[in-house]
Protein chains: 2
Amino acid sequence: MAEKVTIATVARHARVSRQTVSNVLNTPHIVREETRQRVQEAIDVLGYRVSQAARQMRTGRSRLIAMRIEPTRDGINGSVLDRFLHGLTETAELAGYRVLLYTAGDTQREIAAYDDLLSAYDLDGFVLTGTDHGDARTTWLAQREVAFVAFGRPWDDPTAHPWVDVDGAAGTARATEHLLERGHRRVGFLGWPAGSGVGDDRRSGWRESLRAAGIDPAGLDRAVDDGIAEGEWSMRDLLSSGEPPTAVVCASDSLALGALQAVRATDPAVAVVGFDDTPVAAAVGLTSVSQPLGEAAARCVDLLTAVLDGDQQSPEPVLLQPSLVLRHTA
Amino acid sequence: MAEKVTIATVARHARVSRQTVSNVLNTPHIVREETRQRVQEAIDVLGYRVSQAARQMRTGRSRLIAMRIEPTRDGINGSVLDRFLHGLTETAELAGYRVLLYTAGDTQREIAAYDDLLSAYDLDGFVLTGTDHGDARTTWLAQREVAFVAFGRPWDDPTAHPWVDVDGAAGTARATEHLLERGHRRVGFLGWPAGSGVGDDRRSGWRESLRAAGIDPAGLDRAVDDGIAEGEWSMRDLLSSGEPPTAVVCASDSLALGALQAVRATDPAVAVVGFDDTPVAAAVGLTSVSQPLGEAAARCVDLLTAVLDGDQQSPEPVLLQPSLVLRHTA
DNA sequence: AGGCAGGATTGGATCGTTCAAGTTTCTGGA
DNA sequence: TCCAGAAACTTGAACGATCCAATCCTGCCT
């Protein structure tokens with residue numbers, strides 16, 4: 001069992017003071033090149049590694065960022081955040097940060113979790129997902145000057161805090177235009193009830209595209225909660241209306257999957273496009289709008305490190321463009 | 001900006017020494033009840049929280065456990081580990097631990113990651129997933145007496161280290177028996193090439209069930225790498241053989257999905273059963289063997305905390321039973 | 001009243017790092 | 001040669017908790 005290697009061990013071995021070793025690690029430019037090399041060599045030989053605990057105690061920084069992990073939900077939509085998490089972990093690691101996970105039942109408890117994570121673990125920052133109108137979490141964090149980035153726009157004030165998001169409206173617009181090009185005129189939309197930022201955004205892309213093509217969107221859409229069953233019955237409803245659509249754009253793959261079932265039972269010629277390009281969509285051949293999740297995660301890390309390194313208080317937000325993945329259903 | 005609350009602040013407020021506060025926190029039974037209450041009250045009033053960094057520096061424990069997160073793979077099989085991760089985070093939190101994520105390209109680099117995590121972050125333990133024959137990781141960890149649990153058996157020596165696993169053979173056996181009960185006789189199997197612990201295990205469940213029913217399994221199975229495409233062509237191959245099966249059990253949902261496509265194109269009456277009960281299976285109505293992932297994660301935390309608290313050096317391993325989720329395809 | 005065992009409580013020392021303030025060494029211009 | 005000023009390096013003093021060893025009670029027995 002080898003002796004524990006501390007900064008003092010390295011200092012002794014390289015015949016310099018502890019502080020010089022610390023400087024080699026943190027501010028190499030103020031150390032003479034020759035000395036730097038000697039210290040670096042000692043570090044390598046001894047296999048020294050900084051103790052995050054000790055560093056953290058002095059500096060109050062932990063090189064840890066946290067992301068919330070949701071309870072295992074339906075598995076279709078959950079996969080989006082999981083993929084984002086994978087990307088986040090990889091990119092954060094490259095930037096020298098690690099990702100810590102936490103859970104929280106509701107917003108109330110999520111804020112309690114922040115409090116705990118900050119005071120106990122000295123967390124450096126948070127990555128929020130799924131922001132909503134008047135999000136209590138962002139106000140709490142901003143008030144305490146905690147660094148954070150949101151994956152999802154602040155729907156009330158776009159400059160409220162740093163964020164990265166995918167342009168949902170552009171995604172549904174692209175899907176709608178694709179269907180129009182294929183000759184469809186009555187393109188329907190299955191989305192969520194008004195009020196959610198993401199949902200309204202996705203609906204607007206479809207609506208504006210229709211309008212731009214001179215088509216009145218009235219009566220061509222439905223608003224339901226997310227889910228396969230909901231998708232199925234609202235699609236049946238849409239198909240049995242006065243002027244049934246010949247194609248439909250959906251706000252999620254769950255809805256699209258349900259719609260697909262309704263379509264197969266009624267009129268298999270109707271085209272369906274989903275949103276999120278989940279594994280399920282890939283498996284059943286569903287055309288879907290794909291979010292660049294890895295890219296989004298990477299940009300989140302960029303923004304967060306920019307804030308943490310003090311480069312800028314509020315770096316420029318990032319809005320990424322989704323792409324349409326064509327498969328059998330449209 | 002409130003003054004930072006340390007153990008000394010609490011001590012002053014409760015008119016006791018720091019050590020007594022520490023005792024209230026760590027060894028409450030040696031503190032007089034009256035004092036304990038007074039201290040506890042001060043803690044609540046002041047909103048005190050222990051600084052993990054300081055504690056960690058003195059004790060070398062961090063109340064952090066790590067799990068590896070794989071690069072975003074095909075999305076179908078990845079979801080299994082994601083669901084496990086969700087469960088792990090939730091249960092660990094209840095036990096007072098948090099989950100730290102890390103990535104690693106190969107076994108070599110995974111071991112380097114251990115080294116880093118241990119010396120820099122003083123990690124308490126690891127949860128390994130997907131162990132294989134002669135796993136280099138487990139030997140490395142065991143040698144250094146690092147606490148860890150594996151989700152997956154040590155295929156060489158069942159007492160090598162604490163583990164939790166799901167009885168794959170029982171799963172495929174249950175699936176096979178279900179098909180036999182439904183009147184099928186020639187029940188096929190689509191699995192992976194021999195050599196992987198998990199794969200061999202799942203294949204054996206099918207083989208033994210057939211034998212027990214007096215059926216010769218020879219020629220009824222295929223061994224291919226995992227994937228939808230692989231599932232499809234090997235199923236086509238099986239269906240065009242001399243004595244084609246009337247039902248097939250698969251080692252994964254990916255294979256089953258491929259098989260399903262082959263079946264639809266050839267003979268829709270052939271039954272298909274998958275493995276893992278992924279969201280995709282649920283979406284397409286695929287009957288599948290379901291692993292109790294939440295339970296598995298919980299038991300992993302149990303075993304790990306048992307080791308960490310020093311209760312037992314090597315707690316009893318846990319083998320959980322999977323269940324068959326019946327849907328349309330079988 | 002004195003002695004004593006045992007539990008309850010306390011005061012330094014310590015973990016490994018960084019910060020702040022010092023001291024030494026180097027450099028170049030008068 | 002001397003000296004100012006910068007560069008390079010060193011030395012205590014934290015950070016906040018826990019460990020260790022020592023001290024203080026408290027009740028009980030003689």
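Letters A, B, ... mirror the listed sequences (proteins, then strands); counts begin at 1.
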*Would you mind checking if B:Arg49 and A:Asp116 are paired as a salt bridge, meaning a charged N to carboxylate O distance below 4.0 Å?*
yes
*At under 4.0 Å between heavy atoms, what does A:Arg49 touch on the DNA or RNA strands: base, sugar-phosphate, or nothing?*
sugar-phosphate
*asked:* Can you identify which nucleotide, out of C:dG16, C:dT9, D:dT11, has its nearest atom closest to the B:Ser17 side chain?
replied: C:dT9
*Exceeds 12 heavy-atom contacts within 6.0 angstrom, atom CD of B:Glu33*: yes
*In terms of side-chain heavy atoms of A:Gln19, which of D:dT11, C:dT9, C:dT17 is nearest?*
D:dT11
*Of all the choices, C:dT18, C:dG16, D:dA17, which nucleotide is nearest to the side chain of B:Ser51 once you look at every atom?*
D:dA17
*Please report, rounded to the nearest Å, how far the P atom of D:dA17 is from the OH atom of A:Tyr121.*
14 Å
*Return the value, rounded to whole Å, for the distance between atom CD1 of B:Ile7 and atom P of D:dC19.*
11 Å
_N-O pairing of A:Arg299 and A:Glu295 below 4.0 Å_ = yes
*asked:* Can you tell me if B:Thr6 touches the phosphate of D:dA17, counting only side-chain N or O atoms and a distance under 4.0 Å to OP1 or OP2?
replied: yes
*Closest nucleotide of DNA chain C for A:Val50 versus for B:His29: which of these residues is on the 5' side?*
B:His29
*Establish whether the base of D:dA7 is bridged to the side chain of A:Arg32 by a donor-acceptor pair shorter than 3.5 Å.*
no
*Roughly how far, to the nearest 0.5 Å, is CG of A:Asp122 from CZ of A:Arg63?*
14.0 Å
*Calculate the interatomic distance between A:Arg18 atom CZ and C:dC19 atom C1'; express it in whole Å.*
11 Å
*asked:* Using whole Å, what does the distance between atom C1' of nucleotide C:dG11 and atom CZ of B:Arg15 come to?
replied: 19 Å
*Interatomic distance where CZ belongs to B:Arg55 and P belongs to C:dG16 [whole Å]*: 18 Å
*Measure the distance from CZ on B:Arg36 to C1' on C:dA8 and round it to the nearest whole Å.*
15 Å
*Under 4.0 Å between any heavy atoms, over every strand shown, what does B:Leu25 touch: base, sugar-phosphate, or nothing? Just pick one.*
nothing
*Which whole-number value in Å describes the distance from B:Gln56 CD to C:dT17 P?*
12 Å
*Phosphate OP1/OP2 of C:dT18: any A:Ser22 side-chain N/O under 4.0 Å*: yes
*Respond yes when some side-chain nitrogen or oxygen of B:Thr35 is under 4.0 Å from OP1 or OP2 of C:dT9, and no when none is.*
yes
*Nearest-Å distance, CE (B:Met57) to P (D:dT18)?*
12 Å
*asked:* Closest approach to the side chain of A:Thr20, judged atom by atom: which nucleotide of D:dT10, C:dG16, C:dC15 is it?
replied: D:dT10
*Across the strands shown, which category fits A:Arg61 at heavy-atom distances under 4.0 angstrom: base, sugar-phosphate, nothing?*
nothing
*At under 4.0 Å, does any side-chain N or O of B:Asn23 touch on OP1 or OP2 of C:dT9?*
no
_Please determine whether a side-chain nitrogen of the Lys or Arg among A:Arg137 and A:Asp132 lies less than 4.0 Å from a carboxylate oxygen of the Asp or Glu._
no
_Salt bridge check, A:Arg83 against B:Asp82: does any charged N sit closer than 4.0 Å to a carboxylate O?_
no
